[in-house]
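This one's a predicted model, so the numbers in the text were calculated from it and none came from an experiment. Side-chain atoms are counted along with the backbone in the values below, which use heavy atoms only and exclude waters and symmetry mates.
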Amino acid sequence: MSEIKQVQEEQESVVVEGVHNYSSEEHWVKPEDPLLLERLEWFKDQKLGLMMHWGPYSQLGLVESWALSDVDEEWSRNEIDWDIDAEELKREYFALNKTFNPLRFQPELWADLAAENGFKYLNFTTKHHDGFCMWDTQTTDYRITGPDCPFHTHKYADITKQLFNAFREKGLGISAYFSKADWHTPYYWAPGMKPGTTTSRGPTYDPKEYPWLWEQFVQFTHEQIMELMTNYGRIDVLWLDAGWVNDYRDQNIRLGEVVERARKIQPWLLSADRTVGGPYENLITPEQTLPERALSVPWESCITMGSAFSFRYEDDYKTVRQLIHLLVEIVAKGGNLALNVGPQPDGRISKTAISRIKGMGAWLKVHGEAIYGTRICEPYSVGRAQFTQKGDTTYAFYLYRDEHEEVPAELHLPLQQSFSRIDLVGGADNLEFRRTDDGVAIRLPEKEREGLAPIAHVFRIR
């Protein structure tokens with residue numbers, strides 16, 4: 001197998017149609033620093049984060065960045081329905097900064113919405129693979145505060161700073177998404193370095209043949225990361241995308257060097273070098289999926305509220321019931337849900353997304369004690385029954401697929417632990433129950449069987 005083909009196949013194993021694979025539990029490396037271990041416990045307490053992919057690409061309503069890669073054209077350009085060739089597409093895409101002007105952006109409203117409805121941290125895309133920086137970087141003019149971007153004169157021009165400050169003021173944690181690949185800088189996609197015009201996920205040159213050029217890219221990347229770590233307040237997680245850029249292949253950016261520099265300033269900093277493994281992947285990050293079984297290591301599924309990470313003009317949103325069921329199963333398996341909402345190009349969150357967020361918040365206000373700060377406990381996740389634990393209290397969720405499902409007089413849970421009392425979270429206390437061969441049967445109060453089926457019945461078991 002040629003070296004080029006091997007690298008391509010390795011890249012494809014990391015990402016399939018824009019969706020990243022995730023590292024196995026066995027490859028997770030436990031940090032030695034007591035502060036990082038403490039921060040991992042903090043992270044595991046949070047359970048629900050708001051993820052946001054937002055940038056000039058939002059104007060097109062297409063997938064973020066990926067249409068720029070010729071080797072990914074089969075899937076990444078299937079929504080491009082106007083007459084255009086690949087090179088013109090790239091020119092138009094890279095010029096979107098000249099029309100990106102989100103005048104209706106109100107960071108405080110976003111932070112209020114998240115905080116009031118049960119979200120505990122923000123994971124924001126400071127830079128995707130296309131290289132456009134949503135902060136006031138000094139490394140490139142291809143930024144939200146650059147002279148070509150009409151938004152650069154706005155009072156909220158440094159979008160990353162505004163968002164981080166607004167969410168932090170509401171007591172939410174900050175996770176900074178940063179792509180290690182950069183398809184705009186000539187240090188990565190260097191013009192004229194490859195015959196033809198084909199672009200792929202990796203650099204347009206072999207770093208071993210041009211070490212001086214690769215070193216410029218390494219320094220460029222380190223400088224950008226340190227800007228974020230130095231000038232943007234407390235950062236809880238550095239969330240690193242583009243797993244094909246890693247220190248174990250030819251694309252060695254000496255990540256450990258810059259993370260340790262950052263930790264001199266922010267010693268609590270967790271890093272998520274996703275899909276790479278090793279000491280700087282403190283969190284495992286499934287994408288658009290969740291593990292089949294419970295994991296005992298820190299993990300976070302990033303899943304879209306709609307069909308995609310970036311904004312779509314017409315999108316299919318998951319229902320509140322689907323979103324809560326997703327959250328419950330993720331938490332029962334030991335993870336967090338980073339729920340992605342793609343803001344509109346004008347700077348607003350869509351009305352549909354807002355209604356879903358408020359619907360989740362209403363449910364969490366009643367049942368959040370069974371979600372936040374919990375840990376895994378057997379039997380974890382069995383069909384529609386899900387379990388969590390906090391101290392000596394076990395919580396059991398019985399999920400209803402839709403509102404028209406019949407609510408039975410007795411609910412059966414496969415729970416073998418010893419206990420003496422069962423309460424309904426947000427409802428009646430001291431429910432009747434009886435032991436069965438395979439668990440416990442709980443008798444529901446008559447009023448719980450009236451009307452439409454709830455999203456879930458949640459039991460407090462002690």
Q: Identify, with sequence neighbours excluded, every residue that meets side chain to side chain donor-acceptor pair (under 3.5 Å) alongside Asp182.
A: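 In terms of side chain to side chain donor-acceptor pair (under 3.5 Å), with neighbours along the sequence ignored, Asp182 is linked to Lys127.
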
Q: Please state whether the rings of Trp183 and Trp189 are parallel, tilted or perpendicular, taking 30° and 60° as the class boundaries.
A: parallel

Q.
Which heavy atom of Leu113 sits nearest to which heavy atom of Asn117, and what is that distance?
A.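 Residues Leu113 and Asn117, closest heavy atoms: O-ND2, 2.8 Å.
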
Q. Which residue pairs pass the side-chain hydrogen bond (donor to acceptor under 3.5 Å, both in side chains) test with at least one member in residues 387-398, sequence neighbours excluded?
A. Glu369-Tyr395

Q: Kindly write out the residues that satisfy side chain to side chain donor-acceptor pair (under 3.5 Å) with Gln162, not counting sequence neighbours, or none if the list is empty.
A: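 If we apply the side chain to side chain donor-acceptor pair (under 3.5 Å) test to Gln162, skipping adjacent residues, there are no hits.
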
Q) Atom CG of Asn336 and atom OG of Ser301: how far apart are they, to the nearest 0.5 Å? A) 9.5 Å

Q. Between the side chains of Glu281 and Ser271, is a donor N or O closer than 3.5 angstrom to an acceptor N or O?
A. no

**Q.** Cation over ring face, Arg143 and Trp135, 6.0 Å, 45°
**A.**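 No - Arg143 does not lie over the ring of Trp135 by the 6.0 Å and 45° rule.
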
Q | Geometric cation-pi criterion, Lys47 with Tyr372: 6.0 Å, 45° | A | no

Q: Measure across His152 and Pro147 and return the closest heavy-atom pair with its distance rounded to 0.1 Å.
A: CE1-O, 3.6 Å

**Q.** Listed partners of Phe459 passing ring pair (Phe, Tyr, Trp, His ring centres under 6.0 Å), at least two apart
**A.**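 Partners of Phe459 under the ring pair (Phe, Tyr, Trp, His ring centres under 6.0 Å) test: none.
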
Q: Using a strict cut-off of less than 4.0 Å between a Lys/Arg side-chain nitrogen and an Asp/Glu carboxylate oxygen, indicate whether Arg375 and Asp45 qualify as a salt bridge.
A: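 Salt bridge flag = yes for Asp45 with Arg375.
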
Q) With sequence neighbours excluded, what pairs up with Phe167 under the ring pair (Phe, Tyr, Trp, His ring centres under 6.0 Å) test? A) none

Q | Ser58 side chain to Trp54 backbone, donor-acceptor under 3.5 Å | A | no

Q. For the side chain of Gln386 and the backbone of Phe397, is there at least one donor-acceptor N/O pair under 3.5 Å apart?
A.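 The answer is no, because no donor-acceptor pair under 3.5 Å joins these two groups.
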
(Q) I need the full list of ring-ring contact (aromatic ring centres under 6.0 Å, His included) pairs touching residues 23-48, with sequence neighbours left out, sorted by first then second residue. (A) Phe43-Tyr121

Q. Backbone N or O of Tyr177 within a donor-acceptor pair of the Asp241 side chain at under 3.5 Å?
A. no

